[in-house]
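If you read the sequence from its start, that first residue is 1, and numbering goes on from there. Counting starts at 1 for both ligands and their atoms, following the listed order.
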Amino acid sequence: TKRVAILISGGGSNMVALARSMEGAHPAKPVLVLSNDPKAGGLAKAHDMGIATASVDHRPFGKDRAAFEAALDSALQKASPDIVCLAGFMRILTPEFTRQWEGRMLNIHPSLLPKYKGLHTHARALEAGDTEHGCTVHEVTAALDDGPILGQARLTINADDTPDRLAARLLPLEHRLYPAVLRRFAEGDKTPVFI
Ligand code: GAR
């Protein structure tokens with residue numbers, strides 16, 4: 001059974017979807033939910049699900065990313081994960097950090113990559129007049145929101161969509177896509193999942 005650590009910064013709805021998907025017969029199990037925000041709502045949810053939690057507050061480290069990442073890495077290493085899932089983790093990780101986890105770290109991003117790397121993806125899709133939007137799970141490499149695509153889920157943009165509405169309509173698709181990709185990935189299968 002592969003050991004999975006999940007990194008979050010907020011509510012952790014994707015983390016919950018991943019953790020639920022690993023209940024029952026599954027090639028992986030959650031061993032740690034780790035947050036850069038000690039107050040992240042997802043930590044309590046993980047605790048209630050019986051998953052070990054930890055946090056490494058990024059704020060005391062200020063601009064010293066290397067020191068923050070050293071602390072993050074040490075918290076991660078204690079759980080000896082085989083796979084690390086970024087699930088709404090909102091800190092940019094340096095190439096030095098991601099290199100260590102390359103091939104073992106996944107991320108979910110709320111756009112149809114390679115479109116709209118970075119922030120405000122829903123607003124940017126609307127501003128561009130796109131007719132479709134979606135989310136992507138990809139392997140994490142040194143470049144932000146780059147790396148081999150392991151799955152995408154898409155939806156049609158409606159005339160009355162706002163960034164908030166789009167985000168809300170996309171979230172259930174994220175909750176289907178990420179578990180589907182994780183299951184395959186844990187089985188050693190990197191064939192992309194398209195929903
Ligand atoms: C999700 O929509 C995820 O795709 C996005 O943050 C949200 C987290 O929600 N991730 C990013 O924007 C990464 N740059 P959650 O905490 O409820 O899973």
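- Side-chain N/O atoms of Ser9 and Asp37 include no donor and acceptor closer than 3.5 Å.
- When hydrogens are left out, the protein atom nearest atom 17 (O) of ligand 1 is Ser13 OG, 2.5 Å; that is the closest non-hydrogen contact.
- The shortest heavy-atom contact between Gly118 and His109 is O-CE1, 3.0 Å.
- Residue Leu119 does not touch ligand 1, judged by heavy-atom distances below 4.0 Å.
- Checked by atom type and distance alone, the side chain of Lys45 never pairs as donor or acceptor with a backbone atom of Ser13 at under 3.5 Å.
- Atom 13 (C) of ligand 1 has Met90 SD, 3.7 Å as its closest protein atom, hydrogens excluded (heavy atom only).
- Protein heavy atom nearest atom 9 (O) of ligand 1, with residue, atom name and distance: Asn14 ND2, 4.1 Å.
- If you run side-chain contact (heavy atoms from CB on, under 4.5 Å) between His122 and each of Asp164, Leu166, Thr162, only Leu166 comes through.
- Numbered from 1 in the order shown, with element, the atoms of ligand 1 that lie under 4.0 Å from a heavy atom of Gly88 read 6 (O), 8 (C), 10 (N).
- Close to ligand 1: Gly12, with a non-hydrogen atom less than 4.0 angstrom away.
- Between Asn158 and Arg165, every side-chain heavy-atom pair lies at or beyond the 4.5 Å cut-off.
- For atom 4 (O) of ligand 1, the closest non-hydrogen atom of the protein is Glu174 OE1, 2.7 Å.
- The two residues Ser21 and His26 make their nearest non-hydrogen contact at O-CD2, 3.1 Å.
- Those atoms of ligand 1 with a heavy atom of Gly11 less than 4.0 angstrom away are 16 (O).
- Taking every heavy atom of both residues into account, Lys115 and Asp130 meet most closely at NZ-OD2, 3.3 Å.
- Near Leu171, meaning under 4.0 Å from one of its heavy atoms, ligand 1 places the atoms 2 (O).
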